[in-house]
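Quick caveat: nothing in here was measured; it's all calculated off a predicted structure. Positions are given from 1 along the sequence.
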Amino acid sequence: MTTGGDVPVGPRSGQESHAPSRSPGRRGATAQSILDAATHLFATRGVSATSVDDIALASGSAKGSVYYNFTSKAGLVEALMDEHAARVSDSIRDASRGLTGAALQRAVVATLLADMHEHPDSARVLASEVFRTDRSWRESVSSWRTALMGPLDAIESGGAASEESPDSRIGAAAIVGATLIAGLEWLIFHPDLPLDRVEDQIFRTLGVNSLPPTE
(Lines give C-alpha, C1' and ligand atoms only; values in the text may rest on other atoms or scores of the structure.)
Protein backbone atom coordinates (compact mmCIF):
# COMPACT_ATOMS: atom_id res chain seq x y z
CA MET A 1 0.00 0.00 0.00
CA THR A 2 1.20 3.51 -0.76
CA THR A 3 0.85 6.43 1.58
CA GLY A 4 1.88 10.03 1.72
CA GLY A 5 2.48 9.90 5.46
CA ASP A 6 5.61 9.14 7.42
CA VAL A 7 4.77 5.64 8.64
CA PRO A 8 7.13 3.12 6.97
CA VAL A 9 5.38 1.38 4.09
CA GLY A 10 6.54 -2.09 3.09
CA PRO A 11 5.70 -4.50 0.31
CA ARG A 12 2.24 -5.95 -0.02
CA SER A 13 1.29 -8.80 2.27
CA GLY A 14 2.93 -12.04 1.20
CA GLN A 15 5.61 -10.25 -0.84
CA GLU A 16 9.12 -10.95 0.41
CA SER A 17 11.12 -7.93 1.53
CA HIS A 18 14.67 -7.71 0.20
CA ALA A 19 16.79 -4.91 1.63
CA PRO A 20 20.15 -4.55 -0.10
CA SER A 21 22.98 -2.74 1.64
CA ARG A 22 22.39 1.00 1.97
CA SER A 23 26.11 1.73 1.74
CA PRO A 24 26.43 4.62 -0.77
CA GLY A 25 29.54 3.07 -2.30
CA ARG A 26 27.72 -0.17 -3.13
CA ARG A 27 24.44 1.27 -4.35
CA GLY A 28 23.43 0.24 -7.87
CA ALA A 29 22.34 2.56 -10.65
CA THR A 30 18.62 1.86 -10.19
CA ALA A 31 18.77 2.42 -6.44
CA GLN A 32 20.73 5.65 -6.89
CA SER A 33 18.20 6.89 -9.46
CA ILE A 34 15.37 6.18 -7.04
CA LEU A 35 17.18 7.93 -4.19
CA ASP A 36 17.98 10.97 -6.36
CA ALA A 37 14.33 11.28 -7.43
CA ALA A 38 13.10 10.86 -3.86
CA THR A 39 15.54 13.48 -2.59
CA HIS A 40 14.31 16.02 -5.13
CA LEU A 41 10.67 15.32 -4.29
CA PHE A 42 11.34 15.50 -0.53
CA ALA A 43 13.08 18.84 -1.05
CA THR A 44 10.34 20.38 -3.20
CA ARG A 45 7.19 18.82 -1.70
CA GLY A 46 8.25 17.68 1.75
CA VAL A 47 8.61 14.12 3.01
CA SER A 48 5.02 13.82 4.23
CA ALA A 49 3.53 14.97 0.91
CA THR A 50 5.58 12.55 -1.18
CA SER A 51 4.30 9.02 -1.80
CA VAL A 52 6.08 5.90 -2.99
CA ASP A 53 4.02 6.14 -6.19
CA ASP A 54 5.40 9.65 -6.75
CA ILE A 55 8.96 8.41 -6.28
CA ALA A 56 8.50 5.47 -8.63
CA LEU A 57 7.03 7.73 -11.31
CA ALA A 58 9.73 10.39 -10.99
CA SER A 59 12.55 7.82 -11.11
CA GLY A 60 11.05 5.85 -13.99
CA SER A 61 11.11 2.72 -11.85
CA ALA A 62 8.50 0.20 -10.84
CA LYS A 63 7.10 0.63 -7.36
CA GLY A 64 8.41 -2.83 -6.56
CA SER A 65 11.94 -1.58 -7.27
CA VAL A 66 11.51 1.10 -4.63
CA TYR A 67 10.48 -1.52 -2.08
CA TYR A 68 13.21 -3.93 -3.20
CA ASN A 69 15.98 -1.36 -2.75
CA PHE A 70 14.71 0.59 0.27
CA THR A 71 11.74 -1.38 1.74
CA SER A 72 9.78 1.85 2.47
CA LYS A 73 9.69 5.61 2.19
CA ALA A 74 11.30 5.80 5.61
CA GLY A 75 14.10 3.63 4.25
CA LEU A 76 14.70 6.21 1.53
CA VAL A 77 14.95 9.03 4.06
CA GLU A 78 17.36 6.96 6.15
CA ALA A 79 19.47 6.24 3.07
CA LEU A 80 19.57 9.95 2.22
CA MET A 81 20.63 10.86 5.75
CA ASP A 82 23.23 8.09 5.92
CA GLU A 83 24.69 8.99 2.53
CA HIS A 84 24.99 12.66 3.47
CA ALA A 85 26.46 11.89 6.90
CA ALA A 86 29.10 9.59 5.40
CA ARG A 87 30.01 12.05 2.66
CA VAL A 88 30.23 15.12 4.91
CA SER A 89 32.02 13.23 7.69
CA ASP A 90 34.75 12.11 5.27
CA SER A 91 35.06 15.62 3.81
CA ILE A 92 35.27 17.30 7.21
CA ARG A 93 37.84 14.79 8.41
CA ASP A 94 40.02 15.45 5.37
CA ALA A 95 39.59 19.23 5.49
CA SER A 96 40.15 19.62 9.24
CA ARG A 97 43.03 17.21 9.79
CA GLY A 98 45.50 18.85 12.19
CA LEU A 99 43.36 21.97 12.67
CA THR A 100 42.07 23.47 15.93
CA GLY A 101 40.16 26.53 17.09
CA ALA A 102 39.05 29.05 14.48
CA ALA A 103 40.79 27.16 11.68
CA LEU A 104 38.74 24.05 12.49
CA GLN A 105 35.52 26.07 12.62
CA ARG A 106 36.30 27.55 9.21
CA ALA A 107 37.00 24.12 7.76
CA VAL A 108 33.68 22.74 9.00
CA VAL A 109 31.71 25.75 7.72
CA ALA A 110 33.47 25.72 4.34
CA THR A 111 32.99 21.96 3.92
CA LEU A 112 29.29 22.11 4.78
CA LEU A 113 28.70 25.06 2.44
CA ALA A 114 30.52 23.34 -0.42
CA ASP A 115 28.42 20.20 0.07
CA MET A 116 25.22 22.26 0.16
CA HIS A 117 26.24 23.92 -3.10
CA GLU A 118 26.85 20.53 -4.74
CA HIS A 119 23.81 18.79 -3.20
CA PRO A 120 21.15 21.49 -2.60
CA ASP A 121 18.19 19.10 -2.45
CA SER A 122 19.83 17.04 0.29
CA ALA A 123 20.53 20.22 2.24
CA ARG A 124 16.89 21.32 2.08
CA VAL A 125 15.64 17.93 3.30
CA LEU A 126 18.15 17.73 6.12
CA ALA A 127 17.43 21.26 7.30
CA SER A 128 13.74 20.42 7.56
CA GLU A 129 14.28 17.12 9.38
CA VAL A 130 17.22 17.74 11.69
CA PHE A 131 15.12 18.65 14.73
CA ARG A 132 12.25 16.23 14.12
CA THR A 133 12.41 13.66 16.92
CA ASP A 134 9.11 11.95 16.06
CA ARG A 135 10.35 10.35 12.83
CA SER A 136 11.26 6.68 12.45
CA TRP A 137 14.60 7.79 10.96
CA ARG A 138 15.68 9.74 14.05
CA GLU A 139 18.75 7.50 14.50
CA SER A 140 19.97 8.51 11.05
CA VAL A 141 19.37 12.16 11.96
CA SER A 142 21.43 11.63 15.12
CA SER A 143 24.29 10.17 13.07
CA TRP A 144 24.14 13.13 10.71
CA ARG A 145 24.23 15.61 13.63
CA THR A 146 27.23 13.84 15.12
CA ALA A 147 29.06 13.89 11.77
CA LEU A 148 28.69 17.67 11.54
CA MET A 149 28.86 18.73 15.16
CA GLY A 150 31.31 16.20 16.57
CA PRO A 151 34.48 18.00 15.43
CA LEU A 152 33.15 21.29 16.85
CA ASP A 153 32.37 19.75 20.24
CA ALA A 154 36.10 19.55 20.91
CA ILE A 155 36.44 23.32 20.51
CA GLU A 156 33.44 24.17 22.66
CA SER A 157 34.34 21.69 25.43
CA GLY A 158 38.04 22.46 25.39
CA GLY A 159 38.83 18.76 25.06
CA ALA A 160 38.33 15.76 22.86
CA ALA A 161 35.24 15.41 20.69
CA SER A 162 34.17 12.51 22.89
CA GLU A 163 33.73 14.95 25.79
CA GLU A 164 30.43 16.23 24.45
CA SER A 165 28.29 18.17 26.90
CA PRO A 166 25.01 20.05 26.50
CA ASP A 167 26.92 23.33 26.43
CA SER A 168 29.41 22.17 23.82
CA ARG A 169 26.68 20.67 21.65
CA ILE A 170 24.66 23.91 21.73
CA GLY A 171 27.76 25.84 20.72
CA ALA A 172 28.41 23.42 17.88
CA ALA A 173 24.74 23.56 16.84
CA ALA A 174 24.95 27.36 16.66
CA ILE A 175 27.72 27.13 14.07
CA VAL A 176 26.13 24.34 12.04
CA GLY A 177 22.65 25.87 12.27
CA ALA A 178 23.83 29.28 11.16
CA THR A 179 25.66 27.71 8.23
CA LEU A 180 22.63 25.66 7.19
CA ILE A 181 20.20 28.58 7.29
CA ALA A 182 22.61 31.01 5.64
CA GLY A 183 23.45 28.41 3.03
CA LEU A 184 19.79 27.88 2.16
CA GLU A 185 19.25 31.64 1.98
CA TRP A 186 22.11 31.74 -0.50
CA LEU A 187 21.00 28.78 -2.61
CA ILE A 188 17.33 29.75 -2.81
CA PHE A 189 17.37 33.54 -2.91
CA HIS A 190 20.91 34.62 -3.90
CA PRO A 191 22.30 31.78 -6.05
CA ASP A 192 24.49 34.12 -8.09
CA LEU A 193 26.74 34.94 -5.13
CA PRO A 194 30.09 33.13 -5.31
CA LEU A 195 30.86 30.53 -2.67
CA ASP A 196 33.86 32.34 -1.22
CA ARG A 197 31.81 35.50 -0.64
CA VAL A 198 29.16 33.52 1.26
CA GLU A 199 31.86 31.83 3.32
CA ASP A 200 33.44 35.16 4.24
CA GLN A 201 30.11 36.62 5.35
CA ILE A 202 29.37 33.62 7.57
CA PHE A 203 32.91 33.69 8.99
CA ARG A 204 32.53 37.38 9.90
CA THR A 205 29.13 36.82 11.48
CA LEU A 206 30.35 33.87 13.54
CA GLY A 207 33.50 35.74 14.54
CA VAL A 208 35.90 33.21 13.06
CA ASN A 209 37.34 35.43 10.35
CA SER A 210 40.60 36.05 12.22
CA LEU A 211 42.90 33.06 12.12
CA PRO A 212 45.77 32.68 14.58
CA PRO A 213 49.21 33.30 13.08
CA THR A 214 51.03 30.21 11.86
CA GLU A 215 54.34 29.21 13.42
Can you name the closest pair of heavy atoms from [X] and [Y] and give their distance?
X    : Y    : result
A147 : I92  : O-CD1, 3.9 Å
D53  : K63  : OD1-CD, 3.2 Å
M81  : S140 : CB-CB, 3.7 Å
L99  : A103 : CD1-O, 3.7 Å
P151 : L104 : O-CD2, 3.4 Å

Nearest-0.5 Å distance, [atom1] of residue [X] to [atom2] of residue [Y]:
X    : Y    : atom1 : atom2 : answer
Q32  : T30  : CD    : OG1   : 10.5 Å
E118 : L113 : CD    : CG    : 13.0 Å
T39  : H84  : OG1   : NE2   : 10.5 Å
D192 : W186 : CG    : CH2   : 11.0 Å

Applying side-chain contact (heavy atoms from CB on, under 4.5 Å), name anything that partners [X], two or more places apart in sequence or on another chain.
X    : value
Q201 : R204, T205
S59  : S33, I34, A37, S61
A173 : M149

Under 3.5 Å, side-chain donor or acceptor atoms of residues 119-127 against the rest of the protein: list the pairs with distances, not counting sequence neighbours.
{"from": "H119", "atom 1": "NE2", "to": "R87", "atom 2": "NE", "distance (Å)": "3.4"}
{"from": "D121", "atom 1": "OD2", "to": "H40", "atom 2": "ND1", "distance (Å)": "2.9"}

Next item on the list: Could you tell me whether the side chain of K73 and the main chain of T50 form a donor-acceptor pair under 3.5 Å?
Entry: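 Checked: pair present.
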Note to self: Could you see if V109 belongs to whatever hydrophobic cluster contains L195? Use Ile, Leu, Val, Met, Phe, Trp, Tyr and a side-chain cutoff under 4.5 Å.
What the structure shows: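 They do share one cluster, since a chain of ILVMFWY contacts under 4.5 Å joins V109 to L195.
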Check: For the hydrophobic clusters of this structure (ILVMFWY residues joined by side-chain heavy atoms under 4.5 Å, transitively), does one cluster hold both L193 and M116?
Finding: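 Same cluster: L193 reaches M116 through Ile, Leu, Val, Met, Phe, Trp or Tyr contacts under 4.5 Å.
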Notebook entry, point to check: Can you tell which of I202, T179, I175 makes a side chain to side chain contact (heavy atoms under 4.5 Å, CB included) with L112?
Noted result: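 Exactly one pass, corresponding to T179.
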Check: Please, which pairs that meet salt bridge (Lys or Arg N to Asp or Glu O under 4.0 Å) have at least one residue in residues 39-51, sequence neighbours excluded?
Finding: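 Sorted pair list: R45-D54.
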Check: Taking only residues two or more places apart in sequence or in another chain, which ones pass salt bridge (Lys or Arg N to Asp or Glu O under 4.0 Å) with R93?
Finding: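 Once residues adjacent in sequence are excluded, the partners of R93 under the salt bridge (Lys or Arg N to Asp or Glu O under 4.0 Å) criterion are D90.
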Checklist line | Non-neighbouring partners of E129 that pass salt bridge (Lys or Arg N to Asp or Glu O under 4.0 Å), sequence neighbours left out | finding: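 Once residues adjacent in sequence are excluded, the partners of E129 under the salt bridge (Lys or Arg N to Asp or Glu O under 4.0 Å) criterion are R135.
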Checklist line | Contact list for residues 85-113, test ring pair (Phe, Tyr, Trp, His ring centres under 6.0 Å), sequence neighbours left out | finding: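 Residue pairs passing ring pair (Phe, Tyr, Trp, His ring centres under 6.0 Å), neighbours aside: none found.
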Next item on the list: Decide yes or no for F42 and I55: does some side-chain heavy atom of the first lie under 4.5 Å from some side-chain heavy atom of the second?
Entry: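 Side-chain contact under 4.5 Å: yes.
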Check: Sequence neighbours excluded, which residues qualify as side-chain hydrogen bond (donor to acceptor under 3.5 Å, both in side chains) partners of D196?
Finding: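 Not a single residue meets the side-chain hydrogen bond (donor to acceptor under 3.5 Å, both in side chains) criterion with D196.
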Checklist line | side-chain hydrogen bond (donor to acceptor under 3.5 Å, both in side chains) involving E185 - partner list, sequence neighbours excluded | finding: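 Only H190 meet the side-chain hydrogen bond (donor to acceptor under 3.5 Å, both in side chains) criterion with E185.
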